[in-house]
Peer 1: 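The following block contains the structure, expressed as structure tokens.
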Amino acid sequence: MKKFNLENDPKITSGFTTPEAYFDQLEARIMDRLPQPETEVIPLWRRSSVWMSGIAATLLLAGGLTFYYNNQPNPATSLDDATVETYLQANVNSYDLIQHLDENDIQALEKSIVLNNDAVEAYLSDHNNLDLYLNE
């Protein structure tokens, strides 16, 4: 095979040439052939209906959420008395209650408690720790 040197050997021409300033005018000629889009004019009254429907949807959503959250049952009010009493017996002792009472509370409790002698004697006879009460 014959040695081939690109720098010294004559160049082969393809036979195709581009006209002068062909690429300078190419973009303008292509853009002229494309159809021109017509711009649509939207009147202002059509745009206001979009704004009005957006505002109406926002107000409806806010009103619905307010109604939903205000009608939810409050878990604190749904407890029955037996549940609260069981919790207090298990977790709160009488010393904790005494610390939170003031003079008005104590006077109200003294007025509301009515003891008769029969009830006191029945309680003392049922409980065997009479020595504790008598020594104090």
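Positions are given from 1, in the same order as the sequence printed here.
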Peer 1: Rounded to the nearest 0.5 Å, what separation is found between the CG atom of L26 and the CD1 atom of I30?
Peer 2: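 CD1 of I30 is found 4.0 Å from CG of L26.
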Peer 1: Distance check, rounded to the nearest 0.5 Å: I106 atom CD1 versus I98 atom CD1?
Peer 2: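 One finds 8.0 Å between CD1 of I106 and CD1 of I98.
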Peer 1: What's the shortest heavy-atom distance between M31 and Q36, and which atoms?
Peer 2: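 Heavy atoms of M31 and Q36 come nearest at O-NE2, 3.9 Å.
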Peer 1: Side-chain polar contacts of residues 83-90 - donor-acceptor pairs under 3.5 angstrom, sequence neighbours left out - could you list them?
Peer 2:
residue : atom : partner : partner atom : Å
T83     : OG1  : D80     : OD1          : 2.3
T86     : OG1  : A82     : O            : 2.7

Peer 1: How many angstroms lie between CG in L101 and CG in D96, if you round to the nearest 0.5 Å?
Peer 2: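 Separation between the atoms: 11.0 Å.
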Peer 1: With rounding to the nearest 0.5 Å, note down the distance linking CG in L60 to CG in L65.
Peer 2: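 L60 atom CG to L65 atom CG measures 9.5 Å (nearest 0.5 Å).
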Peer 1: Look up atom CG in D102 and atom CD in Q107, then write down how far apart they are to the nearest 0.5 Å.
Peer 2: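 CD of Q107 is found 9.0 Å from CG of D102.
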Peer 1: Above 12 or not: heavy atoms from other molecules or residues under 6.0 Å from CG of N91?
Peer 2: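 Enclosed: over 12 neighbouring heavy atoms sit under 6.0 Å from CG of N91.
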Peer 1: Would a single hydrophobic cluster contain both Y69 and L61, if residues Ile, Leu, Val, Met, Phe, Trp and Tyr are joined by side-chain heavy-atom contacts under 4.5 Å?
Peer 2: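 Cluster IDs for L61 and Y69 match.
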Peer 1: Please check if atom CG in D126 has more than 12 non-hydrogen atoms from other residues, nucleotides or ligands closer than 6.0 Å.
Peer 2: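 Result for CG/D126: enclosed.
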Peer 1: Working to the nearest 0.5 Å, report the span between CZ of R29 and OH of Y22.
Peer 2: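 If I round to the nearest 0.5 Å, the distance is 5.0 Å.
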Peer 1: Group every Ile, Leu, Val, Met, Phe, Trp and Tyr by side-chain heavy-atom contacts under 4.5 Å, then state whether Y123 and I113 land in the same group.
Peer 2: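 Yes, because Y123 and I113 connect within a single hydrophobic cluster, where side-chain heavy atoms sit under 4.5 Å apart.
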